[in-house]
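So you know, we letter chains A, B, ... as the sequences are listed, proteins then strands, and number each from 1.
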Amino acid sequence: MLTGTKLRAFRKSLLAWFRQFQRDLPWRRDRDAYRVWLSEIMLQQTRVAAVIPYYERFLEHFPTVSALAEAPTEEVLRFWSGLGYYSRARNLQRAAQQIVAKHAGEFPEDQENALALPGIGAYTAAAILSIAFDQGHAVLDGNVARVLARLFAIRGDLREPARWQRLQRSADELLERKAPGDWNQAMMELGATICTPRAPQCLLCPVAKHCAARKQGIQEEIPEKRKKRTPVSVTLAAAVFVNPQGDTVLLPPPRTGSEKVGADHVPTLVSKMWHFPTIAVTGDPRTELERHLKSECALDKKRSSSGMLSLVALGRVRHSVTYRQITICAFRIPVAKLPLLDGAKAVALNELASVPISNLTRKIGRAALA
DNA sequence: AATACGGGGGA
DNA sequence: TCCCCAGTATT
């Protein structure tokens with residue numbers, strides 16, 4: 001707990017540090033709500049360095065809320081392709097449509113309406129309203145939580161709801177109400193650049209003298225490292241058909257709701273984006289994929305039954321989705337004509353980016369080209 | 001309350 | 001290679 005003179009000194013030091021040393025980031029050029037919103041959504045669970053190129057391309061293509069609202073969803077996903085957490089992009093566009101319909105195209109300036117938008121929770125609402133409109137909402141994200149936990153030497157799992165609530169109250173008390181936007185960014189900037197998860201740079205910290213963890217020499221022990229779920233290995237077999245023109249076949253994202261996801265959960269593992277025909281396998285990938293293609297895709301109907309399919313093994317592709325470690329055995333399958341799979345689309349193998357795909361599909365495509 | 005969701009940067 | 005994420009929605 002910081003009060004009185006010490007609280008004022010803490011605020012002054014951190015704010016001065018931020019104003020002098022903040023990184024020059026694309027979304028800090030102005031405080032336009034749409035830009036702040038877009039950056040905050042992209043930054044959820046995603047590093048600054050990864051976001052920057054996406055942010056600039058996305059903004060160039062969808063310069064306004066209404067441009068985003070009116071665009072085909074496939075187009076929005078294409079510009080998100082590779083960034084991950086694709087529900088963020090779908091929610092972003094739904095929110096844009098909601099803003100056009102209910103708020104005359106302007107991002108709502110009140111917390112209730114902001115929170116009502118898809119993809120916007122407590123953190124993002126506080127971030128946007130404080131940065132764009134200088135409203136007094138304190139943000140609490142992973143960085144701020146870590147800073148506060150060290151500042152007050154709070155042990156234990158920070159994600160425990162009770163502990164998270166306590167951290168939120170601390171953030172609220174510390175908030176510099178004269179400059180909430182800069183203040184929130186300063187707290188996050190400190191966590192991102194100085195008060196890092198490992199090897200915090202206390203010697204460079206503008207508020208080191210206020211830090212309880214540093215006083216006790218336990219800054220490296222906080223926060224308690226989260227218990228990780230035991231990894232599960234999954235093996236997939238993927239079919240990369242290639243016709244003489246260099247086109248391949250991709251399957252569409254699974255339709256949400258109406259259609260039941262296959263028992264093998266393959267659509268989930270390929271991110272609800274366009275993907276190569278893929279199955280989960282337990283035994284020999286080639287055998288199982290061959291059998292699957294013949295039965296499910298009616299490939300043999302028009303061909304001689306001797307199985308003209310030749311599967312050329314490509315290198316194994318590794319990929320991970322949260323706790324799942326996926327190994328994909330990809331096979332290049334030369335064909336005269338691409339098979340007509342249900343809902344499938346023909347795409348040039350060297351231009352997969354013409355449709356929204358995940359990095360898993362991108363990796364397989366690269367392996368097939370090499 | 002627990003779980004799902006992608007991917008990459010830095011040690 | 002492992003660890004840690006600039007969280008939100010769903011069940």
Original post:
Mapping Leu43(A) and Leu115(A) onto DNA chain C by nearest heavy atom, which one lands closer to the 5' end?
Top reply: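 Final value for this comparison: Leu43(A).
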**OP:** Specify the residue among Pro197(A) and Gly142(A) whose closest nucleotide of DNA chain C lies further upstream toward the 5′ end.
**Re:**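 Whichever sits nearer the 5' end wins; that is Pro197(A).
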Atom-pair distance ([atom1] on [X]; [atom2] on [N]), nearest Å:
| X | N | atom1 | atom2 | value |
| --- | --- | --- | --- | --- |
| Arg324(A) | dG7(B) | CZ | C1' | 14 Å |
| Ile357(A) | dG7(B) | CD1 | C1' | 14 Å |
| Gln22(A) | dA6(C) | CD | C1' | 15 Å |
| Leu236(A) | dG6(B) | CG | C1' | 15 Å |
| Arg318(A) | dC2(C) | CZ | C1' | 14 Å |
| Met42(A) | dG7(B) | CE | P | 14 Å |
| Arg23(A) | dA6(C) | CZ | P | 10 Å |
| Trp37(A) | dA6(C) | CH2 | C1' | 17 Å |

Phosphate oxygens OP1/OP2 of [N]: is one of them under 4.0 Å from a side-chain N or O of [X]?
| X | N | value |
| --- | --- | --- |
| Tyr323(A) | dA4(B) | yes |
| Asn143(A) | dC5(C) | no |
| Tyr86(A) | dG7(B) | yes |
| Gln45(A) | dG7(C) | yes |
| Arg47(A) | dA6(C) | yes |
| His319(A) | dG7(B) | yes |

Original post:
5'-most contact on DNA chain B: Gly84(A) or Ala199(A), nearest heavy atom basis?
Top reply: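 The answer here is Gly84(A).
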**OP:** Would you kindly compare Ala49(A) and Gln44(A) by the position of their nearest DNA chain B nucleotide and give the one closer to the 5′ end?
**Re:**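 Nearest nucleotide further toward 5': that of Gln44(A).
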At under 4.0 Å between heavy atoms, what does [X] touch on the DNA or RNA strands: base, sugar-phosphate, or nothing?
| X | result |
| --- | --- |
| Leu92(A) | nothing |
| Gly191(A) | nothing |
| Thr124(A) | sugar-phosphate |
| Arg94(A) | nothing |
| Tyr123(A) | sugar-phosphate |
| Ile120(A) | sugar-phosphate |

Can you tell me which nucleotide in [options] comes closest to the side chain of [X]?
| X | options | result |
| --- | --- | --- |
| Arg28(A) | dG10(B), dG6(B), dA6(C) | dA6(C) |
| Asp141(A) | dA6(C), dG6(B), dC4(C) | dA6(C) |
| Met188(A) | dA6(C), dC4(C), dG6(B) | dA6(C) |
| Leu25(A) | dG8(B), dG6(B), dA6(C) | dA6(C) |
| Asn359(A) | dG7(B), dA6(C), dC4(C) | dG7(B) |

Subject >> Flag, side chain of Arg28(A) to backbone of Arg23(A), donor-acceptor distance under 3.5 Å >> reply: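 Yes, the answer is positive, given that a donor and an acceptor are paired below the 3.5 Å cut-off.
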**OP:** Indicate yes or no for a side-chain donor-acceptor contact from Arg88(A) to the backbone of Met42(A) under 3.5 Å, with no hydrogens or angles considered.
**Re:**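 Looks like yes, one N/O pair under 3.5 Å.
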Original post:
Is there a donor N/O on one and an acceptor N/O on the other, under 3.5 Å, for the side chain of Arg146(A) and the base of dC4(C)?
Top reply: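 Under the 3.5 Å cut-off, the side chain and the base do not form any donor-acceptor pair.
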Original post:
Taking N and O atoms by type only, does the side chain of Ser320(A) place a donor or acceptor under 3.5 Å from a partner on the base of dG7(B)?
Top reply: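 Answer no: no donor N or O sits under 3.5 Å from an acceptor.
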Original post:
For Glu106(A), does the CD atom sit with more than 12 other heavy atoms under 6.0 Å from it, leaving out its own atoms?
Top reply: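 Atom CD in Glu106(A) is not packed in, count stays at 12 or less.
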**OP:** Please check if atom NZ in Lys178(A) has more than 12 non-hydrogen atoms from other residues, nucleotides or ligands closer than 6.0 Å.
**Re:**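 Count not over threshold, so no.
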Separation between the [atom1] atoms of [N] and [M], rounded to whole Å:
| N | M | atom1 | result |
| --- | --- | --- | --- |
| dA9(C) | dG8(B) | P | 24 Å |
| dA6(C) | dA11(B) | P | 13 Å |
| dT8(C) | dG9(B) | C1' | 23 Å |

Original post:
Can a salt bridge be assigned to the pair Arg163(A) and Glu224(A) using a cut-off of 4.0 Å between side-chain N and carboxylate O?
Top reply: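 Not counted as a salt bridge, because no side-chain N and carboxylate O are separated by less than 4.0 Å.
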Subject >> Rounded distance (nearest 0.5 Å) linking atom CG of Leu68(A) with atom CD of Glu75(A) >> reply: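 Between atom CG of Leu68(A) and atom CD of Glu75(A) there are 11.0 Å.
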Original post:
Among Arg31(A), Arg11(A), Arg177(A), which residue meets the salt bridge (Lys or Arg N to Asp or Glu O under 4.0 Å) test with Asp182(A)?
Top reply: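 Exactly one option meets the salt bridge (Lys or Arg N to Asp or Glu O under 4.0 Å) with Asp182(A), and it is Arg31(A).
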Original post:
For Ile128(A) and Ala33(A), which heavy atoms make the closest approach, and how far apart are they?
Top reply: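 Closest approach of Ile128(A) to Ala33(A): CG2-O, 4.5 Å.
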**OP:** Both distances under 3.5 Å, Watson-Crick or G-U wobble: report the partner of dG6(B), or none.
**Re:**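 Result: none.
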